[in-house]
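For reference, the structure discussed in these notes is given below.
Chain letters run A, B, ... following the sequence lines, proteins first, then strands; residues in each count from 1.
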Amino acid sequence: MQNLLRALVLVLGLGVTPLAVAALDAGLVSQLAFGSNDEKIAAIRAFVERGEASATPLLTALAEGQVQTSGERVLIVVDEAATDAVTGEKLASLPETRDDVIVNNRVRGAIANAVAALRLLAPQRDVRVQAVKELETGANVAMLPLVKRALEKETDAELKAALELIAATIQVKSGDKAARLEGIRALAASDSPGTRSLLGAILLKDKAGKFVEPDAEIREAAALSMKAVQGRLAWGERAGLLFAGVSLGSVLLLAALGLAITYGLMGVINMAHGEMIMIGAYATYVVQNLFRAYAPGAFDFYLLAAIPAAFIASALVGMALERSVIRYLYGRPLETLLATWGISLMLIQAVRTIFGAQNVQVENPSWMSGGINLMANVVLPWNRIMIIGFAALVVIAISLLLTRTRLGLFVRGVTQNRAMASCVGVPTGRVDTWAFGLGTGVAGLAGCAISQIGNVGPELGQSYIVDSFMVVVFGGVGQLAGTVVAALGLGLVNKLLESWSGAVIAKIAVLVFIVLFIQKRPQGLFALKGRAVEA
Amino acid sequence: MERRVFLKKLVVTAAVAAAIGGTPSVYAKDTVKVGILHSLSGTMAISETALKDVALMTIEEINAKGGVMGYQIEPVVVDPASNWPLFAEKARQLLTQDKVAVVFGCWTSVSRKSVLPVFEELNGLLFYPVQYEGEEISKNVFYTGAAPNQQAIPAVEYLMSKDGGEAKRWVLLGTDYVYPRTTNKILRAFLHSKGVTDADIMEEYTPFGHSDYQTIIAKIKTFASAGKKTAVVSTINGDSNVPFYKELGNQGLKATDVPVVAFSVGEEELRGVDTKPLVGHLAAWNYFMSVKNPTNTEFTKKWAAYAKAKNIPGQKDKPLTNDPMEATYVGIHMWKQAVEKAKSFDVDKVTVAMAGQTFKAPDGYTIQMDAKNHHLHKPVMIGEVKSDGQFNVVWKTKGPIKAQPWSPYIPGNEAKKDEPARMAAKK
């Protein structure tokens, strides 16, 4: 999104600069560069009132911190090349002494609105869409002429409706009662949180409990419109919460899936499961660095290479672990627990020695930053959408692998009756290794996904091991479907509680709930019917 | 060469002898040990590792200039691993086994609270370099970071001002431990005194290492659309800041709509974050790397050269300094000056000599240790995040201001004395 915006700025900038030779008002420009914040805002307003679109490059440069002064002169400096802000001519060389023009949030907000207003008349539709979005709440009376002109010229129905809402917000801010009433009524059609803010301001009470707005008629109209807007926004909030729950659920699911295989199917209590996740995350980090060093052009696609790399790295470590330690401990859960816990500490220390104790940075590829605007008040971040999709793919792949392939058949056979499977010629030892490798490899995939939303450090796995066991036990040991339901269920419950009671209490409440649940139903949500696995 | 080895052996033997002899005031000839107690792993490593490195740099610098009273400083670095009880254990080890003259360390208040009884019991000396919640003056601690009136309160006042956006509604968001809870208690009382009602304040806490900020940001968005300008005061500590700011950027909550002012986020914490969507969010500190003055230029250059020479990961490619690093640097230099004034490493004598020490600091002022309350007089600065991860200073105090460790906004503090309680009563 940000990049798109930047590209647009650039395109516009390039398009406008040749025209800008027509020169801006030197007085206003110097007021913008040297004046106090109040004076700066007044200058910005003046540009808007005159509808001077040629001021846009200067204003955006100011917001980006690219405006400098040298003596009396105001310069736009981009990549060591300066142009004069007033005349637009290019300077042959950069002057030695330059001062930055520093703008704060308040001025930057005014600039963003002003630039948006000046762009309402832009020929490209995307630019106008962006401008209209920006102005949803920030429009002021100075922009009315521009908005009116844009309304006359606008042919796109969707944009026209949005522009009418903007005109309405300006009317609400005006002094004329009839115009305000009209504006307020028109705003009932809006679905932006900014409108709620605007209408809410009319309904505020002061400390003595009296309304700030003296006119009862206006208050009534505002309350009516508010109700309509609130209703629409409430749906957005519910959708956002649902998404957050599913997103957390998908992370839990990815973390727990590997464990569902190693613990659920094979019965190995692998305390080093979290470290398999961590190894996957570090594998992603290594692949990212390789791409940065050797193929910076293809950096955006490093994740595609990181997914198999994470799987293979964790699977190899897992298989080595199975061959060297765990296979000697089958059927002795307590020893397995202690041995794998020791191994987890060793792995943490090994990573600490190789990569350092501090967190490492894993960057999102640009296509995973930002999000989609589902509704005015709900943004679904791309990285979380991708992880939900990824989790679904992994679940499908594993269930196909277990039910449709020869390896899957062997794994199920061995877990159900090892002796019989061995009798009919299944190489049980090798199947164990492959199955364990599969489980830890999936944990590596989880690490790859988690590296995109959280911190990557040596202790990464520690924070997921408890959650993973929780999900597998809650879902029912030995059941893939149980794991899926448990992960999504816990994710949703956790987020619901969080929005209601805060993150700390939510975490405690979920743990208490699981303890109580396991007391009542030790076999978990979905229990295997028939003969027990542990024969 | 051989002679040097021989000398080294002699020093080691002497040190062992001194340790076995057990007389704390006897030091190995020509070296003096100081402890460095910062988490080099765990959730706080993101912030604390740089403090360890800057301490080592300062010690190297002092040693190169002849040391303290002719003694070379020998740093003893330990890693308490973001584990609060381990802090106390490591502190005890430093004081009793290594017999260090002084300890520079801690970041979170919970770690400071954990080592405090150890320092008081063994009469050690701790320099604490991070802004904190106040409500404490120990005769065994010097606080070179800010008290609430040197950071939190001015930041909130700025957001209330016209230039800050005239915020009327407040979200107090923090990690769940003593510093955020106390700071928010002070801020709530302060906001009440400015006429803000409880309905306009939302308080939220997350556990250490929390990484999923979706619901919290959704909640902030809802809270912010109630007709009044809203600002967020963040006391989130450690590596949770990275997912928090990432989510903030992804959800499109812009600084022009809802500014977030943070008290524990500096240049170092923003290293791993794409700061372009965060432009305009604020931080309040007493020093920023971008501050322009000759002392700071020298300080940042020194740090860049040191990071390169020592091959410090991350720092060698992109050297960054921040407020607690500056406070560490100032603290070590002030300790050296006090030792030289007292002509002794004895904790009680150094403590007396610390009062009124001055130092020309990278923040651009000659700052002074208060004569009584063990806190530095510091200037307050408010910075806005730039797209390159640095800060633009948009507001600052005219000069250094005195710390008020006992906040006037907490009832019952009026009677408390602005100096450490006498230990004599205890003995």
Side-chain angles (χ1 to χ4, degrees), chain A residues 1-2 37-38 64-65 100 102 104-106 108-109 112 137-138 193-194 196-204 207 233 237 240-241 243-244 247-248 251 352 356-359 361 363-364 369-371 373 377-379 381-384 453-455 457-459 463 495 498-499 502-504 507, chain B residues 39-43 45-46 49 79 81 162-165 176 195 197 204-207 209-212 214-216 218-219 221-222 224-228 239-240 242-243 246-247 249-252 254-257 259 271-272 274 276-277 279-282 313-314 384 386-387 392-395:
Chain A
M1 209 50 171
Q2 197 73 17
N37 284 340
D38 285 334
E64 301 255 332
D100 282 323
I102 292 177
N104 68 359
N105 267 329
R106 184 169 154 234
R108 216 176 291 117
T137 49
R196 175 160 66 185
S197 233
L198 191 68
L199 293 173
I202 299 173
L203 297 168
L204 283 180
K207 251 168 268 156
L233 284 178
E237 273 150 30
L241 198 63
F243 178 80
S247 160
L248 178 65
V251 173
R352 218 179 260 158
Q358 272 195 292
N359 292 348
Q361 264 96 49
E363 245 174 73
N364 293 352
S369 306
N373 255 345
N377 60 338
V378 191
V379 182
W382 276 117
N383 55 0
R384 296 195 179 271
I453 47 168
N455 290 306
E459 286 93 0
S463 46
K495 284 292 153 187
E498 217 172 82
S499 73
V504 183
K507 190 129 200 165
Chain B
S39 300
L40 308 179
S41 53
T43 183
I46 180 178
T49 310
D79 175 17
K162 196 171 172 195
D163 263 333
D176 199 4
T197 56
E204 278 280 337
Y205 294 96
T206 55
H210 189 73
S211 64
D212 189 340
Q214 296 181 81
T215 22
I216 288 183
K219 248 171 146 175
K221 273 186 168 174
T222 312
S225 60
K228 290 179 184 171
D239 57 8
S240 291
V242 178
K246 268 191 186 169
E247 191 72 37
N250 282 342
Q251 296 240 13
K254 279 185 297 183
T256 40
D257 305 327
R271 185 190 284 278
D274 176 18
K276 279 170 213 105
V279 167
H281 286 304
L282 304 118
E384 281 184 4
K386 289 201 291 186
S387 52
N392 263 335
V393 176
V394 291
W395 181 88

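- With chain B as the partner, the residue from A/Pro381, A/Ala244, A/Ser463 showing the most heavy-atom pairs under 4.5 Å is A/Ala244.
- Between chain A and the residues B/His281, B/Lys386, B/His210, the most heavy-atom pairs under 4.5 angstrom are made by B/His210.
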- [ ] List the steps and the verdict of salt bridge (charged side-chain N to carboxylate O under 4.0 Å, His left out) for A/Arg384 and B/Glu247.
- [x] CA-CA 10 Å; A/Arg384 296 195 179 271; B/Glu247 191 72 37; 3.2 Å; yes

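- Residues B/Ala224 and A/Ser197 share a closest heavy-atom pair of O-OG, 3.7 Å.
- Between chain A and the options B/Asp176, B/Ile46, B/Thr222, the largest number of non-hydrogen pairs under 4.5 Å is found for B/Thr222.
- How far NZ of B/Lys228 is from CG of A/Leu204: 5.5 Å, rounded to the nearest 0.5 Å.
- Each of A/Val504, A/Ile102, A/Asn104, A/Asp38 has some count of heavy-atom pairs under 4.5 Å with chain B, and the biggest count is that of A/Asn104.
- The two residues B/Ser225 and A/Arg196 come nearest to each other via the heavy atoms OG-NH2, 2.8 Å.
- With respect to B/Lys219 and A/Glu237, no salt bridge is recorded, no charged nitrogen being found less than 4.0 Å from a carboxylate O.
- Salt bridge A/Arg352/B/Asp79: absent, no basic N to carboxylate O contact under 4.0 Å.
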Task: Pair B/Gln251-A/Val378, side chain to side chain contact (heavy atoms under 4.5 Å, CB included): steps then yes or no - done: CA-CA 8 Å; B/Gln251 296 240 13; A/Val378 191; over 6 Å; no

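- Taken from CG in B/Asp239 to CD in A/Glu459, the straight-line distance is 9.0 Å, to the nearest 0.5 Å.
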TODO: Start with the C-alpha distance between B/Asn250 and A/Asn383, add both sets of side-chain angles, then the distance that settles side chain to side chain contact (heavy atoms under 4.5 Å, CB included), and finish with yes or no.
DONE: CA-CA 9 Å; B/Asn250 282 342; A/Asn383 55 0; 3.4 Å; yes

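- For the set A/Ala112, A/Gly65, A/Ser247, the count of heavy-atom pairs under 4.5 angstrom toward chain B peaks at A/Ser247.
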- [ ] Start with the C-alpha gap between B/Gln214 and A/Leu241, add the side-chain angles, then the distance that decides, and say whether side chain to side chain contact (heavy atoms under 4.5 Å, CB included) holds.
- [x] CA-CA 8 Å; B/Gln214 296 181 81; A/Leu241 198 63; over 6 Å; no

Task: Criterion side chain to side chain contact (heavy atoms under 4.5 Å, CB included) on A/Arg106 and B/Thr256, from CA distance to verdict - done: CA-CA 7 Å; A/Arg106 184 169 154 234; B/Thr256 40; over 6 Å; no

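- For chain A, the option among B/Ile216, B/Thr49, B/Leu282 with the highest count of heavy-atom pairs below 4.5 Å is B/Thr49.
- Options B/Asp212, B/Val394, B/Val279, B/Asn392 differ in how many heavy-atom pairs under 4.5 Å they form with chain A, and the most are formed by B/Asp212.
- Note that CG of A/Asn455 is 7.5 Å distant from OG1 of B/Thr43, once rounded to the nearest 0.5 Å.
- Here the CZ atom belonging to A/Arg108 is positioned 11.5 Å from the NZ atom belonging to B/Lys254, to the nearest 0.5 angstrom.
- With rounding to the nearest 0.5 angstrom, the CG atom of B/Asp163 is 10.0 Å from the CG atom of A/Asn105.
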